[in-house]
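The structure appears right after this line, and notes come after that.
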Amino acid sequence: MLVVMEKGTTEQTVQATVNAIEKRGYTARPIPGGDRVSIGILHNKGSIDAANFLGLEGVKEVIPVTKPYKLVSREFKQENTHVKVGNAVFGNGSLPIIAGPCAVESESQVLSIAKSVKEAGAKLFRGGAFKPRTSPYSFQGLGKKGLEFLAKVREETGLPVVTEVMDVENFDLVEEYADVVQIGTRNMQNFSLLKRAGKSYRPIILKRGMSAMLQEWLMAAEYIMEEGNNNVILCERGVRTFVRHSRNTLDLSVVPAAKKESHLPIIVDPSHAAGVRDQVISLAYASAALGADGVMIEVHNNPDEALSDGAQSLYPEQFFTVMEKMTAIHKIIEK
Ligand code: PEP
Ligand code: MN
């Protein structure tokens, strides 16, 4: 249920409405909109009688919410959410690009890649310090040392950094170093991790689970928002299908579908969807054409010797061209 207030309602009246809702045993969550405030009612079991709130001062209308997710839904908030990181904004129609290696391998590696991607126009740098690997024998990431190298990247280039958190145990540490904390596909339904992310002061990139339906993904985002963190960016990274010609299948249609259901920004990661470089390039162009709110791409200065995901990492020169063309495509879409 959504209680929509009249335009220009005072803070005191909003607070009085919140109190009236909470007195009945529900949770009330004010959601500032364009020119008026709405109040979402959470934690109700069963339906709520709209008549309870319709007569209150300042209440314009009471709208039943038909979706299982609430805070993430367009029913609750019609305007797009803008997530600001450094001088990038996700969700305002721009196309900020996040680029960098799959994993942080050394200080010189990240600094070299960061300089190239910044020159090409990337707004944020990515790199994993804690890596979720299929095999326990594969490179697991540099951990804290990797985070320190990311801090060095930020210091030297000014680029905000995005890095993955794999567990609640390391959340405090990752949050301290990262400008944006990423939750990977394998953890999309790690509910304790989602709840911790909801208490974070950092924006969260929530990747889609590799076989998650849109509704499950949005419910995962709801866990984060329910704990109070409104800065959530969804990231489509391909889903598992029967095909063998690519690592995963990039679900292009989920972008317009998610935008219809939710006000949250949605970005696309063509690298983990494709798994191979030539396809990453085509899918990056498709992502720009889709009207996505950003693109995340893996770039490596020496992909042939990368410790993870070398085959899908672009060479810095390739990334330059991809940036130029994505920018041109985005200009057409913007009109
Ligand atoms: C990553 O972005 O480094 C990553 C591991 O991606 P995903 O969780 O989408 O596999
Ligand atoms: Mn990777």
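Everything quoted here is computed from the prediction, not taken from an experiment. We count residues from 1, following the sequence as given. Read the numbers this way: they start at 1 and go in the same order the structure lists the ligands and their atoms.
Following chains of ILVMFWY side-chain contacts shorter than 4.5 Å, one can reach Leu71 starting from Leu194, so the two form part of one hydrophobic cluster.
Taking the side chain as every heavy atom from C-beta outward, Met210 and Arg240 approach each other to under 4.5 Å. Here the side chains of Val255 and Val268 are in contact, with some heavy-atom distance below 4.5 Å. Taking 4.5 Å as the limit, every side-chain heavy atom of Arg36 sits out of range of all side-chain heavy atoms of Thr9.
Atom OH of Tyr137 sits in a sparse spot, with 12 or fewer heavy atoms from other residues, nucleotides or ligands closer than 6.0 Å.
Below 4.0 Å from some heavy atom of His272 lie the following atoms of ligand 1, by number and element: 1 (C), 2 (O), 3 (O), 4 (C), 6 (O), 10 (O). Every atom of ligand 1 is numbered from 1 in the order shown, and the set under 4.0 Å from a heavy atom of Gly184 is 8 (O). Interface atoms of ligand 1 facing Arg237, defined by a heavy-atom separation under 4.0 Å, are 7 (P), 9 (O), 10 (O). The distance from ligand 1 to the heavy atoms of Lys207 drops below 4.0 Å at these ligand atoms: 1 (C), 2 (O), 4 (C), 6 (O), 7 (P), 8 (O), 9 (O).
Around the Mn ion (ligand 2), protein N, O or S atoms at less than 2.8 Å comprise Cys102 SG, His272 NE2, Glu298 OE2, Asp309 OD2.
The option from Arg126, Arg208, Glu164, Met210 that lies nearest to atom 3 (O) of ligand 1, judged by heavy atoms, is Arg126.
At a 4.0 Å heavy-atom cut-off, ligand 1 touches Gln182 through the side chain alone.
Arg126 has a carboxylate O that lies under 4.0 Å from a charged side-chain N of Glu298, or vice versa, which qualifies the two as a salt bridge.
A donor-acceptor pair under 3.5 Å is formed between the side chain of Arg277 and the backbone N or O of Gly310.
Taken from CD in Gln189 to CH2 in Trp217, the straight-line distance is 13.0 Å, to the nearest 0.5 Å.
Closest approach of Val295 and Ser287 over heavy atoms only: CG2-CB, 3.8 Å.
Between Thr185 and ligand 1, at least one N/O pair is under 3.5 Å apart.
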